Enquirer: 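Dumping the structure here so I can ask a few things about it.
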Amino acid sequence: MITGLLDPSDGEVELFGSSAGRLPANQRILFRRENVGFVFQQFNLLPALTAAENAAVPLIAAGMKRTEAVERAKALLDQLGLNGRRDALPATLSGGEQQRVAIARALVHEPRLVVCDEPTAALDHATGKP
């Protein structure tokens, strides 16, 4: 509900001064694109895209030039310890590497809120440690 994907059955949900439930569908999409990053339990990476391209998807969807978006995503992947795997396809990545790509995708557009569904489940103990 906080992301505007679901409407509350009663009451109101407000996020960053906006009631997402009251926004028209197209404005909800824009609100999420600008303010929310999602980390899904099942990664939801696109199999034909490299790690960097997957991480760049939110920037490309927001209208950033593809080359610029991918470079920005590569820099973030480097910070997450994936500098040697930036051009790898998801099928060649370990579960923990795929999870870090999913985390990069959630963070690359610098959202105000990150919503996670077991974001560290696939990470090894040392990587998942706070």
Side-chain angles (χ1 to χ4, degrees):
M1 283 186 271
I2 199 166
T3 65
L5 288 171
L6 299 172
D7 292 327
S9 56
D10 191 24
E12 194 171 312
V13 177
E14 188 174 303
L15 181 63
F16 309 127
S18 179
S19 176
R22 290 187 177 181
L23 295 174
N26 62 336
Q27 289 183 357
R28 284 186 196 198
I29 293 168
L30 294 174
F31 177 83
R32 279 191 298 275
R33 187 175 76 195
E34 294 172 11
N35 294 291
V36 182
F38 292 92
V39 180
F40 302 100
Q41 185 175 2
Q42 298 301 318
F43 317 130
N44 293 337
L45 300 178
L46 300 170
L49 299 182
T50 67
E53 292 166 336
N54 266 286
V57 165
L59 298 175
I60 295 167
M64 184 179 283
K65 289 184 180 181
R66 186 180 181 283
T67 54
E68 183 181 346
V70 170
E71 286 305 310
R72 189 163 159 188
K74 284 181 177 181
L76 183 53
L77 289 171
D78 289 351
Q79 291 177 11
L80 294 173
L82 291 172
N83 55 330
R85 307 293 283 149
R86 301 179 308 189
D87 296 321
L89 294 174
T92 67
L93 298 171
S94 71
E97 289 170 333
Q98 289 182 52
Q99 189 65 64
R100 284 183 276 162
V101 173
I103 291 168
R105 181 186 55 208
L107 298 176
V108 73
H109 65 293
E110 300 176 355
R112 296 169 71 183
L113 172 68
V114 178
V115 178
C116 304
D117 182 5
E118 298 190 36
T120 60
L123 300 179
D124 61 76
H125 180 70
T127 305
K129 205 172 182 182

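The model shown is predicted, which means the values in this text are computed figures rather than measured ones.
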Enquirer: Determine whether a donor-acceptor pair (N or O, by modelled atom type, separation under 3.5 Å) exists between the side chain of Q79 and the backbone of L76.
Expert: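 Checking the backbone N and O of L76 against the side chain of Q79, no donor-acceptor pair under 3.5 Å is found.
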Enquirer: Is there a side chain to side chain contact (heavy atoms under 4.5 Å, CB included) between R112 and E34? Walk through the geometry before answering.
Expert: CA-CA 8 Å; R112 296 169 71 183; E34 294 172 11; over 6 Å; no
Enquirer: Any chance you could measure R72, atom CZ, to H109, atom NE2, to the nearest 0.5 Å?
Expert: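 Going from CZ on R72 over to NE2 on H109, the span is 9.5 Å.
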Enquirer: State, to 0.1 Å, how close F43 and G95 come at their nearest heavy-atom pair, and which atoms those are.
Expert: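 That would be CZ-O, 3.5 Å.
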Enquirer: With side chain to side chain contact (heavy atoms under 4.5 Å, CB included) as the criterion, how do E68 and L59 come out once you've worked through the C-alpha distance, each side chain's angles and the decisive distance to 0.1 Å?
Expert: CA-CA 9 Å; E68 183 181 346; L59 298 175; over 6 Å; no
Enquirer: Tell me the closest heavy-atom pair linking P90 and P47, and the distance in Å.
Expert: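 Here P90 and P47 meet closest at CD-O, 3.7 Å.
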Enquirer: Give a yes or no on whether I60 and L49 share a hydrophobic cluster (residues Ile, Leu, Val, Met, Phe, Trp, Tyr; joining criterion: side-chain heavy atoms under 4.5 Å apart).
Expert: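 Result: no, two separate clusters.
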Enquirer: How far apart are the closest heavy atoms of A106 and P111, and which atoms are they?
Expert: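 So the two residues come closest at O-CG, 3.2 Å.
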Enquirer: So R85 and R100, do their side chains get closer than 4.5 Å, heavy atoms only?
Expert: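 A side-chain contact under 4.5 Å is absent here.
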Enquirer: Taking the side chain as every heavy atom from C-beta outward, state whether E53 and R66 have any atom pair closer than 4.5 Å.
Expert: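 Side chain of E53 against side chain of R66, heavy atoms only: contact under 4.5 Å found.
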Enquirer: Are N83 and L77 side-chain neighbours, meaning at least one heavy-atom pair lies under 4.5 Å?
Expert: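 No, their side chains stay 4.5 Å or more apart.
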Enquirer: Find out if a path of hydrophobic residues (ILVMFWY) with successive side-chain heavy-atom gaps under 4.5 Å connects L6 to F31.
Expert: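 Same hydrophobic cluster.
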Enquirer: Do D117 and F38 make a side-chain contact, defined as non-hydrogen atoms from C-beta onward lying under 4.5 Å apart?
Expert: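 No, their side chains stay 4.5 Å or more apart.
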Enquirer: Mind listing the closest non-hydrogen atom pair of R28 and D7 along with its distance?
Expert: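 Heavy-atom minimum between the residues: NH2-OD1, 2.6 Å.
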Enquirer: Is there a side chain to side chain contact (heavy atoms under 4.5 Å, CB included) between D78 and R86 once you walk through the steps?
Expert: CA-CA 8 Å; D78 289 351; R86 301 179 308 189; 3.1 Å; yes
Enquirer: A side-chain contact here means heavy atoms from C-beta on lying under 4.5 Å apart; do N35 and L113 qualify?
Expert: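 Answer no - side chains too far apart.
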Enquirer: Would you kindly confirm whether L89 and V101 end up in one hydrophobic cluster when ILVMFWY residues are joined by side chain heavy atoms under 4.5 Å apart?
Expert: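 Not linked; separate clusters.
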Enquirer: Do V36 and M1 belong to the same hydrophobic cluster, where Ile, Leu, Val, Met, Phe, Trp and Tyr are linked whenever their side-chain heavy atoms lie under 4.5 Å apart, directly or via other members?
Expert: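 Result: yes, single cluster for both.
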Enquirer: Quick check: is V70 connected to L45 through a chain of hydrophobic side chains (ILVMFWY, heavy atoms under 4.5 Å apart)?
Expert: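 No; V70 is not reachable from L45 via cluster members.
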Enquirer: Check whether N54 reaches the backbone of L46 with its side chain - one donor and one acceptor, N or O, closer than 3.5 Å.
Expert: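 Yes, the answer is positive, given that a donor and an acceptor are paired below the 3.5 Å cut-off.
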Enquirer: Where is the tightest heavy-atom contact between A55 and A104, given as atom of each residue plus distance?
Expert: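 Smallest interatomic distance, heavy atoms only, reads CB-CB, 4.0 Å.
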Enquirer: Could you tell me whether the side chain of L5 reaches within less than 4.5 Å of the side chain of R32, counting heavy atoms only?
Expert: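 A side-chain contact under 4.5 Å exists here.
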Enquirer: Mind checking whether R105 and P58 have side chains closer than 4.5 Å, heavy atoms only?
Expert: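 Result yes, sub-4.5 Å side-chain heavy-atom pair found.
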Enquirer: Rounded to the nearest 0.5 Å, what separation is found between the CD atom of E14 and the CD atom of E12?
Expert: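 So the gap between those two atoms works out to 6.5 Å.
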